[in-house]
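Shown next, in structure tokens, is the structure this report addresses.
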Amino acid sequence: MSEVIGIGAAPRRKEDLRFLTGRGNYVADIERPGMVFGVFVRSPHAHARIKSIDPGAALATPGVLAVFAGADLKADGVNGLPCGWGIKGKDGQPMKEPPHPALAQDKVRYVGDAVGFVVAESLRQARNAADALVVNYDVLPAVVGLADALKPDAALVYDDVPNNLCCDWDLGDKAATEAAFNKAAHIARINLVNNRLVGNPMEPRAAIAEFHPETGHYTLWSTSQFPHVVRLLMGLFVLNIPQQRLRVVAPDVGGGFGVKQFHYAEEAVVTWACRKVGRPIRWVCERSEGFISDAHGRDHVTEAELALDADGKFLGLRVKTVANLGGYISTFGPNIPTNLYGPLLAGVYTTPAIYCEVKVVFTNTVPVDAYRGAGRPEATFVLERLVDIAATQMGIDRVEIRRRNMIPKEAYPYQTPVMMQYDSGDPKGCLAKAMDVADWSGFAARKAQSAQQGKLRGIGISTYVEACGLAPSRIAGQLGARGGLYESATVRVHPTGQVTVLIGTHNHGQGHETTFAQIVGEKLGVAFENIEIIFGDTDKVQFGMGTYGSRSLVVGGPALAKASDKVIAKGKKIAAHLLEASEQDITFERGTFSVIGTDRRKTFADIALAAYVPHDYPLETLEPGLEEQAYYDPINFSFPGGAHIAEVEIDPDTCVVKLVNYTAVDDVGTVINPMIVEGQLHGGIVQGIGQALCENCVYDSASGQPLSGSFMDYCMPRADDLPRMTVSTHSTPSAHTPMGVKGCGEVGTIGSPAAVTNAVVDALSQYGVSHIDMPTTPNRIWSLISTDAPARGGLLRSSSPPALPTHSE
Ligand code: MCN
């Protein structure tokens, strides 16, 4: 297939050959000579003082090489893990930022907090030694639920953080919002919980570290979404290793979903310990260990109010949220429920006044950080639930109330009252298309049909907007980012005209090897098969910020385009010399340099060869070679948006929700590869459906013990839980990105939880149900419709709980 495959085409993914034939190269596949095995010893208590650690018995077990505790790291000058984002409270004071040691010192702060690290010749021996490590704890009362964390008598996660309050943050105009509420004809209110989630990428986290004493170099292979950032944070702040002596490699990574976007303690401990032990060390997380050591997502409790005039126009929105940080500040933890949440509460509506307060609190639970969508699904959920409630209470149709308040297409670029200036969008167009595809008008007939079979049927809408593409550095810096967030790319043209691209983003399922080859191919007129994309190795790739916040295309794509433009510019100089024309008279189109108005031309490959084999080359004015690098920092975020419609059927006997139809219409700007976008939308939607229907990370509220610590208790959505989804795009090119692109990696997860929950509430509305918290499990539905229902409409034939609940509670 020697053809140029450009923007808008849908070739098969380059990377799939190695994945589908089992030839991916994951961290756990890597073998190093003399490699030994590490196991972490983790706290069984949510909150306890460490009285003593006795390594004697562990050291006596066969094959053990070393046992380390927090004190060993401290004695060796190992620092705690840094936070990449510092926020300020409403009083202008910085957040409370207690230390985050790589192995717990003095105290443990959640079940799973690592207290020791054991290294042995084999994995089995390391596990045995870990079991033998004696840790004496003085168990303390734990603070677990968000409702308890701020109580005056709550246990303190940190003695010097009063009320467990890391930061009391706000955004918006409080006075203007109060004024809006004072003149409201109606106020709709909701109290809701955004359930805590565990990311569960298919490949668990893993790290292998090796020290090379002859050069003083370290290599860390890690399941990371951003190896350069790990090198910077770990080398500079934690272990004090010079950057040039630390190589971080993130090879094939089997999904991340945000969870692998942090600098984790395990990476630092394994790297530090490999030098102490003098052998390469491999640590691979167990699935159940991942449940108590991978950063979790979401976990909010919110009170929200929407003020409306008599016509249902939104006047003001007031939101108070308590957000869980867990036991320590994770790399981006404080940024998620604040900067990635508050500004998105404007949604796609013209609400003139918004005020949002977020209390970010510590609890004795696993640290909470970004998980696909990160803050934006939480904002969408608040808003779209509230809009439905307002519509019902005011007797206005759910579609009509949305239309009345949507930002008109012509009003873009649109400045919201909460910081963001949206680039482009057509919310009404997305909604109209989604209703058409979902056959909204045929719903009444389908509902009647379901009723005939004794089933409840509901339909729900969610519109949404997302800010994606982290950077821009300037804005991120104002919001507390402790570093720039640009992206970089190198386009290396070989003498044959074939191309290697080195980019600082990380591909762990998103298809970059394909879409980035399409962008470069289109620019340079080089065949798809002649372009390779290299990423994930700090010794190969110049620098980069990695992949998260749906930034790779929006920030990495323009870096690629910029580097390609530089290649073309240099190519024109070479062509001008070879064709004996002035540089201004050279054009470049579809892989050919030509002299305007003549048939004199050179192919891209001719120019590449001339650049490296300079027989006839202006060496006095031009360096040989054809390789260019570019860094790109966008001027603003890009703002994808869309409308999602879910349709559910609920069996009132079992209270099981069956999702029967799902429609998504998303505005992702210019589409590079429609097949990959569709796949991203499918994956994202399924993760949102998981949150809405079945996923829930539950802790025992007294002891802080996780109650959903395995797939026996934590219910992931499966193929047979899902309907056929119809996804399509309704794109308005972004004015903030050179190619008009917007991200698509998270949009599905942002739109779907509210769409599904709104559909479930719609189905249950005849029972007087106006809200249900996620996940909408049979147990929750049963308890709502069997005890609280004022009118059952004769549909509920059973008043006992379903015999076989299929979900996690
Ligand atoms: N794309 C496109 N046209 C557009 C937008 C995107 O063709 N208008 C393509 C891109 O070129 C890229 C893919 O779609 O190949 C996703 O692009 P983008 O939206 O830039 O997102 P990122 O590549 O930065 O990926 C991050 C995003 C996030 S934040 C999470 S979380 C997530 C996700 O993507 N985790 C994933 N998708 C995932 N998919 C898989 N398989 N595994 C994960 O861990």
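Residue indices begin at 1 and follow the sequence shown. Start at 1 and go down the list; that is how both ligands and their atoms are numbered.
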Report yes if some N/O of [X] lies less than 3.5 Å from some N/O of ligand 1; otherwise report no.
X: Thr670; result: yes
X: Gly743; result: no
X: Val741; result: no
X: Glu746; result: no
X: Val671; result: no
X: Gly549; result: no

Does a side chain donor of either [X] or [Y] reach within less than 3.5 Å of an acceptor in the other side chain?
X: Gln510; Y: His508; value: yes
X: Gln542; Y: Tyr631; value: no
X: Thr514; Y: Glu15; value: yes

By number and element, which atoms of ligand 1 are closer than 4.0 Å to a non-hydrogen atom of [X]?
X: Gly258; answer: 31 (S)
X: Gly255; answer: 44 (O)
X: Gly509; answer: 40 (C), 41 (N)
X: Arg551; answer: 24 (O)
X: Lys742; answer: 4 (C), 5 (C), 8 (N)
X: Tyr548; answer: 29 (S)
X: Gly511; answer: 15 (O)

Which residue owns the protein heavy atom closest to [atom], what's the atom, and how far is it?
atom: atom 10 (C) of ligand 1; answer: Thr515 OG1, 3.8 Å
atom: atom 12 (C) of ligand 1; answer: Gln510 O, 3.4 Å
atom: atom 2 (C) of ligand 1; answer: Val677 CG2, 3.3 Å
atom: atom 19 (O) of ligand 1; answer: Cys744 N, 2.6 Å
atom: atom 7 (O) of ligand 1; answer: Asn673 N, 3.0 Å
atom: atom 4 (C) of ligand 1; answer: Leu553 CD2, 3.3 Å
atom: atom 22 (P) of ligand 1; answer: Ser552 OG, 3.5 Å
atom: atom 23 (O) of ligand 1; answer: His512 NE2, 2.6 Å

Inset, instruction - May I have the step-by-step check of side-chain contact (heavy atoms from CB on, under 4.5 Å) for Val491 and Leu524, ending in yes or no? - result: CA-CA 10 Å; Val491 172; Leu524 302 181; 4.0 Å; yes

Inset, instruction - Identify whether the distance between the nearest side-chain nitrogen and carboxylate oxygen of Arg298 and Glu695 falls below 4.0 Å. - result: no

Legend entry - Any side-chain heavy-atom pair of Pro251 and Ile30 under 4.5 Å: yes

Legend entry - Any side-chain heavy-atom pair of Val27 and Ile208 under 4.5 Å: yes

Inset, instruction - Please state whether the rings of Phe262 and Phe332 are parallel, tilted or perpendicular, taking 30° and 60° as the class boundaries. - result: perpendicular

Inset, instruction - Indicate, as side chain, backbone, both or neither, the part of Thr547 found under 4.0 angstrom from ligand 1 when only non-hydrogen atoms are considered. - result: side chain

In residues 734-748, what donor-acceptor pairs under 3.5 Å come from side-chain atoms, sequence neighbours left out?
residue	atom	partner	partner atom	Å
Ser734	OG	Asp423	OD2	2.5
Ser734	OG	His736	N	3.0
His736	ND1	Phe637	O	2.7
Thr737	OG1	Gly740	N	3.3
Thr737	OG1	Val741	N	2.9
Thr737	OG1	Val741	O	2.8
Lys742	NZ	Ser424	O	2.9
Lys742	NZ	Ser424	OG	3.0
Lys742	NZ	Phe639	O	3.1
Lys742	NZ	Asp667	OD2	3.1
Lys742	NZ	Thr732	OG1	3.4
Glu746	OE1	Arg376	NH2	3.3
Glu746	OE1	Ser550	N	3.1
Glu746	OE1	Ser550	OG	2.7
Glu746	OE2	Gly373	N	2.8
Glu746	OE2	Arg376	NH2	2.8

Legend entry - Ring centroid separation His300 to Tyr341 under 6.0 Å: yes

Legend entry - side-chain contact (heavy atoms from CB on, under 4.5 Å) evaluation trace for Met419 with Leu479: CA-CA 11 Å; Met419 202 181 343; Leu479 299 178; 3.5 Å; yes

Inset, instruction - Could you tell me whether Arg287 sits above the aromatic face of Phe291, with NZ or CZ closer than 6.0 angstrom to the six-membered ring centre and within 45 degrees of the axis? - result: no

Legend entry - Any residue meeting salt bridge (Lys or Arg N to Asp or Glu O under 4.0 Å) with Asp565, in chain and number order, not counting sequence neighbours: Lys523

Inset, instruction - Counting heavy atoms only, name the option from Gly256, Ser550, Gly679 that's nearest to atom 21 (O) of ligand 1. - result: Ser550

Legend entry - Heavy-atom donor-acceptor pair, Lys260 side chain to Arg205 backbone, under 3.5 Å: no

